[in-house]
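The block underneath contains the structure these notes are about, expressed in structure tokens.
Just so you know, these numbers use all the heavy atoms, side chains as well, and skip hydrogens, waters and symmetry mates. We name chains A, B, ... by the order of the sequence lines, and we start the count at 1 in each one.
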There are 2 protein chains.
Amino acid sequence: MMLRLVIIGFGNVGQEFARLLLSKREWLRNSRGLIVEVVAVATRTRGSLLLENGLDLERALQELRSRGTLRGYGPEVTDLPPLELIERCEADIMVELTTLNIESGEPALSHVRTALETGVSVVTANKGPVAYAYDDLKALADAHGVHFRFEGTVLDGAPVFSLVERTLPGCNVLGISGVLNSTSNFVLTEMARGRSMDEAVKEAQRRGFAEADPSLDIDGWDAAAKITALANVLMGARSTPRQVDRTGIRGITNESVKAALAESKKIKLVARAERVGGSVRTVVRPELVEPVSPFWTVDGTSSALTLCTDLMGELTIIEANPSLLQTAYAIFSDMLLVAEAVRRGAS
Amino acid sequence: MMLRLVIIGFGNVGQEFARLLLSKREWLRNSRGLIVEVVAVATRTRGSLLLENGLDLERALQELRSRGTLRGYGPEVTDLPPLELIERCEADIMVELTTLNIESGEPALSHVRTALETGVSVVTANKGPVAYAYDDLKALADAHGVHFRFEGTVLDGAPVFSLVERTLPGCNVLGISGVLNSTSNFVLTEMARGRSMDEAVKEAQRRGFAEADPSLDIDGWDAAAKITALANVLMGARSTPRQVDRTGIRGITNESVKAALAESKKIKLVARAERVGGSVRTVVRPELVEPVSPFWTVDGTSSALTLCTDLMGELTIIEANPSLLQTAYAIFSDMLLVAEAVRRGAS
């Protein structure tokens with residue numbers, strides 16, 4: 001079986017995914033009977049490529065590494081904007097990895113919509129589409145007989161959506177809580193070690209997991225988008241990140257972190273979704289976490305999620321200090337699940 | 001789709017599963033298109049039933065509750081031994097829930113073998129078969145085009161085997177560690193609160209999760225069977241519980257628990273599987289757990305498992321203080337996964 005991919009957004013995650021694809025090429029063919037070709041790549045400022053028979057991934061990575069752009073790749077360089085690229089490249093799966101505008105969900109939302117309408121399945125690590133328009137996009141995917149997967153939006157490649165969908169049949173999610181934002185968790189962990197918030201943020205930037213503008217993390221927007229995605233998919237919330245009762249960690253001082261520790265507590269940015277009456281209430285705020293909580297040991301860039309369910313009680317999944325590979329694996333595993341579903345003819 | 005079950009062993013877990021089936025009858029029909037009938041039940045000392053068109057589960061539960069035996073159920077009472085019952089009842093799935101002989105894996109092993117050879121899929125919470133003969137039984141299931149599932153053997157219904165099989169495609173398990181035995185974890189937690197081991201064991205018996213003879217838990221046999229099951233299925237170990245380097249908690253004193261706490265450590269019975277050269281080494285022993293470990297918060301009857309993988313790093317799943325329902329759910333979810341696979345015609 002041949003699988004044709006278009007990758008929209010080819011930054012750190014996209015390139016790590018490409019390396020993973022290359023390293024798993026043999027395994028894909030021998031164990032899964034899959035030949036995966038990337039037929040198009042779009043970047044915002046570093047050129048785009050369209051190759052009917054698939055591009056040489058190794059060479060594309062090399063171009064980016066050595067020249068910082070894809071424009072030297074050859075005559076396959078194109079000026080087509082992403083939406084047209086998606087419509088014209090005849091891919092089976094669009095991999096969406098652009099940078100998110102948290103206040104609109106764009107441009108990812110348009111990319112995903114266009115792909116699904118064109119009959120192309122979507123795999124994304126982008127929180128925007130699922131946080132802003134999950135119900136619509138799922139309906140669109142169903143109507144076109146294609147798939148919409150987004151494991152990488154929360155806890156990287158650690159199974160969260162797949163966990164509920166594929167391993168907890170008949171189990172209802174009654175509530176969700178989580179330590180979902182790596183940067184703020186790292187910053188709070190460093191503050192507990194005596195660093196200032198500024199120093200900790202700079203260290204997170206130096207290590208490459210915080211953005212140049214860290215406000216999306218510090219002000220709780222990233223966690224808000226994640227808890228919304230979870231609430232929409234696992235609890236039928238029909239919500240957006242703007243509806244989250246959101247408090248970030250900007251107001252946390254070294255003194256408050258120290259005072260908490262003196263009482264054997266840790267301050268963590270916790271996101272919650274719970275049913276209140278007929279709707280789902282979502283909250284992001286700093287909480288005092290005690291040593292009996294499964295979040296107690298979740299320090300640094302680790303993340304954790306607790307599902308409160310009717311039949312399985314409380315289940316917690318912890319992802320320890322992920323690297324880029326874990327996000328790339330989210331795309332990789334979703335791609336395999338799409339391939340499996342396509343092969344079975346399931347929708 | 002009609003699903004016919006034979007239940008071998010109808011103690012606490014079997015009865016809880018029956019109650020779950022009853023409560024989910026509507027959901028099974030409406031959401032899954034499944035009608036589930038129990039066509040036979042075998043107990044060791046309380047009578048067995050064989051009913052071609054399915055028994056009245058509510059009445060069977062009532063008989064057990066009021067008279068402590070199934071023998072008053074009616075003319076459908078049978079003296080057929082379990083193996084003959086399995087062969088003759090024309091079930092789709094055998095649910096195996098007998099009491100385990102840890103040194104042989106019997107009688108579960110024979111029940112499972114007979115079912116698979118008769119073309120009946122197997123769902124079990126019994127560690128024996130998968131700890132003693134996973135490879136053989138898997139091959140037998142494949143040869144007969146049926147299914148062999150055993151989620152309930154480790155962490156009750158929390159997804160462990162399903163997690164790897166269904167949500168971590170292409171990911172290799174490099175090592176496993178876990179706090180897998182509820183009773184010993186509860187005992188150690190109580191000892192940290194000042195109770196003696198004897199008192200704690202009695203409390204565990206009073207609450208119903210420790211056996212009259214607690215030595216399987218205290219001496220690490222239960223954890224050994226579980227880590228063997230995990231190593232066999234997830235790491236291809238071809239091992240048995242007898243090969244585990246096993247030390248239980250019998251030698252742990254209140255003094256040693258206190259001394260550990262004084263250094264901010266907790267003693268926990270930890271099971272491990274790791275690759276050493278070409279084989280898999282399995283160990284069960286008390287370990288000093290530090291506050292940075294995900295096992296730190298796993299107290300009382302909670303359990304936890306950490307998978308060390310190549311593509312997803314370290315993933316931990318924690319099950320908080322399970323009740324019987326969580327074990328019953330293991331059977332229920334495996335039954336649904338078998339039904340899904342049968343419907344798809346997959347093997």
query = Given side chains that start at C-beta, do those of E319(A) and M312(B) come closer than 4.5 Å, heavy atoms only?
reply = yes

message = Less than 4.5 Å apart, side chain to side chain, heavy atoms only: is that true for P159(B) and L315(A)?
response = yes

Contacting moiety of L336(B), where chain A heavy atoms sit under 4.5 Å = side chain

ask   = Of the backbone (N, CA, C, O) and the side chain (C-beta and beyond), which part of I317(B) lies under 4.5 Å from a heavy atom of chain A, both, or neither?
value = both

task = With rounding to the nearest 0.5 Å, note down the distance linking CD1 in I318(B) to OG1 in T306(A).
result = 7.5 Å

What donor-acceptor contacts under 3.5 angstrom involve side-chain atoms of residues 324-335 of chain B, with partners at least two apart or in another chain?
from	atom 1	to	atom 2	distance (Å)
Q326(B)	OE1	S323(B)	N	2.6
Q326(B)	OE1	S323(B)	OG	3.1
Q326(B)	NE2	L311(A)	O	3.1
T327(B)	OG1	D156(B)	OD1	2.9
Y329(B)	OH	L168(A)	O	3.3
Y329(B)	OH	P169(A)	O	2.8
S333(B)	OG	Y329(B)	O	3.1
S333(B)	OG	A330(B)	O	3.2
D334(B)	OD1	R149(B)	NE	3.2
D334(B)	OD2	F150(B)	N	3.2
D334(B)	OD2	E151(B)	N	2.8

task = For chain A, find its close neighbours in residues 21-32 of chain B: heavy-atom separation under 4.5 Å, sorted by number, or none.
result = K24(B), W27(B), R32(B)

inquiry  = Out of T316(B), T309(B), V292(B), return the one with the most heavy atom pairs under 4.5 angstrom to chain A.
reply    = T316(B)

note = Tightest non-hydrogen contact, residues T297(A) and S293(B), listed as CG2-O, 3.0 Å

ask   = Can you name the residues of residues 177-194 of chain A that have some heavy atom under 4.5 Å away from a heavy atom in chain B?
value = none

ask   = Should the heavy atoms of other residues, nucleotides or ligands under 6.0 Å from CG of N12(B) be counted, would the total exceed 12?
value = no

ask   = Quick one: what part of L163(A) sits under 4.5 Å from any heavy atom of chain B, side chain, backbone, both or neither?
value = both

remark   = Residue set satisfying salt bridge (charged side-chain N to carboxylate O under 4.0 Å, His left out) with R166(A), at least two apart, ordered chain then number -> E340(A)

